[in-house]
Structures are given as C-alpha cells and as structure tokens.
K.L.:
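The structure under discussion is supplied below as structure tokens; questions concerning it will follow.
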Amino acid sequence: MSTGKRRDAFGAYHFTVEFDGVRDSFFRSCSGLKSEAEVQELAEGGVNDTTHKLIGRTKFPNIVLKQGFSGPELWKAREQFLEAGSGGAIKRISGIITQLGPNDTNRKWKFERGWICKWEGPDFDASKNETSVETIEIAHEGLTYLG
C-alpha cells in the first residue's frame, strides 16, 4: 500500500450468498465465516517453564443464514436433505459468500461439501410488529478465502 492512499472499509450490510448454483435468496444476515485450528499442548520432560503448542485439527463452524420468511423454498431445500439421508446419498452443496465493497470491489469465501443441517421457522408474537425471520444452518467441510 502506498503512502497516503486510503482504503475504505467494507460495509457488513452489503453481501450476497449463492449456494447450489442459485443466488435468488436475499439474506439479512450471514455468520460463521470462521476457521479455527485446535491447539494440542505437549509437555516435554525436563522443560518446566512452558509447553509446546502443536497444530491440531481445523474446525469450521456452521454458516448461519437468516432471511425474511416469504415462502417454502428453504424448508424444501432442508427436506431434500432429510429424504436423501433416509436411504439415499446426501447431495452436498457448495456456495460462495460475497461481500460487496466500495468502488466495485468484493471479497469472496467459498464453503464446500455442505448440507442444510438446521431450519428454524419464524417466532410468532402478536405483541410485536416485526418481520418473520427464518434461519438455516449449513454444516460444511471447508472454507476458502477467494480474495
């Protein structure tokens, strides 16, 4: 980066989600873009001031997507996984989450070998004036930063 050049931060509110080749759902929030390696501590005999910290397995938490409830599309997608799991092979999905930034820039993350492990319907409360929200969680086996 050159001196005096300003880098604008990306807004957390401007993103798209595409999975299974479809980008027709508009989500109000997306979380779970994380990667964490387990830390394995190893004590070495005769070394009493510290332990060695080794790299263990890498974990990827579920991606959580929320949107205004407007129809049965996400419920049907979840049902496909339930039906496939009771006798057939589960069809895994991949997807790309794109954060849109200033001046036509973007950043992308790709998740792989995912499946919808949870669907949560809207909460109903007659005393509130809110939009109905549905939530899905996608369990997956890898997250790659595409730039």
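Only a predicted model underlies this, so the values are computations on that prediction, with no experimental measurement involved. Positions are given from 1 along the sequence.
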K.L.:
Does the plane of the ring in Trp119 sit parallel, tilted or perpendicular to the ring in Trp75? Use 30° and 60° as the thresholds.
P.N.:
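Ring orientation, 0 to 90° scale: perpendicular.
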K.L.:
Distance-only, no hydrogens or angles: does the Asn62 side chain make a donor-acceptor pair with backbone N or O of Val64 under 3.5 Å?
P.N.:
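Absent.
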K.L.:
Quick one: closest heavy-atom pair of Ser94 and Lys110, and the distance?
P.N.:
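Residues Ser94 and Lys110, closest heavy atoms: CB-CE, 4.3 Å.
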K.L.:
Starting from Leu33, can I reach Tyr145 by hopping between I/L/V/M/F/W/Y residues whose side chains sit under 4.5 Å apart?
P.N.:
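Same cluster: Tyr145 reaches Leu33 through Ile, Leu, Val, Met, Phe, Trp or Tyr contacts under 4.5 Å.
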K.L.:
Provide the closest heavy-atom pair for Phe111 versus Ile93 in the form atom of the first, atom of the second, distance.
P.N.:
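Minimum heavy-atom separation between Phe111 and Ile93: CE1-O, 4.1 Å.
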K.L.:
How far does CG of Leu74 sit from CD of Gln67, to the nearest 0.5 angstrom?
P.N.:
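So the gap between those two atoms works out to 4.5 Å.
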K.L.:
Enter the distance from Ile136:CD1 to Cys117:SG here, rounded to the nearest 0.5 Å.
P.N.:
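The CD1 atom of Ile136 sits 9.0 Å away from the SG atom of Cys117.
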K.L.:
Working to the nearest 0.5 Å, report the span between CG of Asn106 and NE2 of His14.
P.N.:
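Going from CG on Asn106 over to NE2 on His14, the span is 10.5 Å.
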K.L.:
State whether the side chain of Arg107 and the backbone N or O of Gln99 hold a donor-acceptor pair below 3.5 Å, judged by distance alone.
P.N.:
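No; zero donor-acceptor contacts below 3.5 Å.
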K.L.:
Is the count of non-hydrogen atoms from other residues, nucleotides or ligands lying under 6.0 Å from Leu42 atom CG greater than 12?
P.N.:
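Yes - once you tally the heavy atoms of other residues, nucleotides and ligands closer than 6.0 Å, there are more than 12.
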K.L.:
To the nearest 0.5 Å, tell me how far Ile96 CD1 sits from Glu112 CD.
P.N.:
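If I round to the nearest 0.5 Å, the distance is 9.5 Å.
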K.L.:
Look up atom SG in Cys30 and atom CH2 in Trp109, then write down how far apart they are to the nearest 0.5 Å.
P.N.:
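It comes to 9.0 Å.
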K.L.:
Specify the closest pair of heavy atoms between Thr58 and Ser35, including all atoms of both residues, with the distance to one decimal.
P.N.:
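Of all heavy-atom pairs spanning Thr58 and Ser35, the closest is CG2-OG, 3.6 Å.
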K.L.:
Of Glu44, Glu41, Gln40, which meets side-chain hydrogen bond (donor to acceptor under 3.5 Å, both in side chains) against His52?
P.N.:
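Of the listed options, the one satisfying the test is Glu44.
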K.L.:
To the nearest 0.5 Å, tell me how far Thr98 OG1 sits from Lys108 NZ.
P.N.:
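Result: 4.5 Å between the selected atoms.
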K.L.:
Determine the minimum heavy-atom distance between Gly142 and Phe60, stating which atoms define it.
P.N.:
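So the two residues come closest at CA-CE1, 3.7 Å.
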K.L.:
Step by step, work out the side chain to side chain contact (heavy atoms under 4.5 Å, CB included) result for Ile97 and Ile63.
P.N.:
CA-CA 10 Å; Ile97 298 160; Ile63 293 172; 4.0 Å; yes
K.L.:
Please name all residues satisfying side-chain hydrogen bond (donor to acceptor under 3.5 Å, both in side chains) with Glu141, sequence neighbours left out, ordered by chain then number.
P.N.:
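Arg92, Arg113.
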K.L.:
For Val133 and Arg28, work out which heavy atoms get closest and say how close.
P.N.:
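What the structure gives for the nearest pair is CG2-NH1, 3.0 Å.
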K.L.:
Under a 4.5 Å side-chain heavy-atom rule over Ile, Leu, Val, Met, Phe, Trp and Tyr, are Leu146 and Leu143 clustered together?
P.N.:
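The answer is no; the residues belong to distinct hydrophobic clusters.
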K.L.:
Which pair of heavy atoms, one from Phe15 and one from Phe27, lies closest together, and at what distance?
P.N.:
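Result for this residue pair: CZ-O, 3.4 Å.
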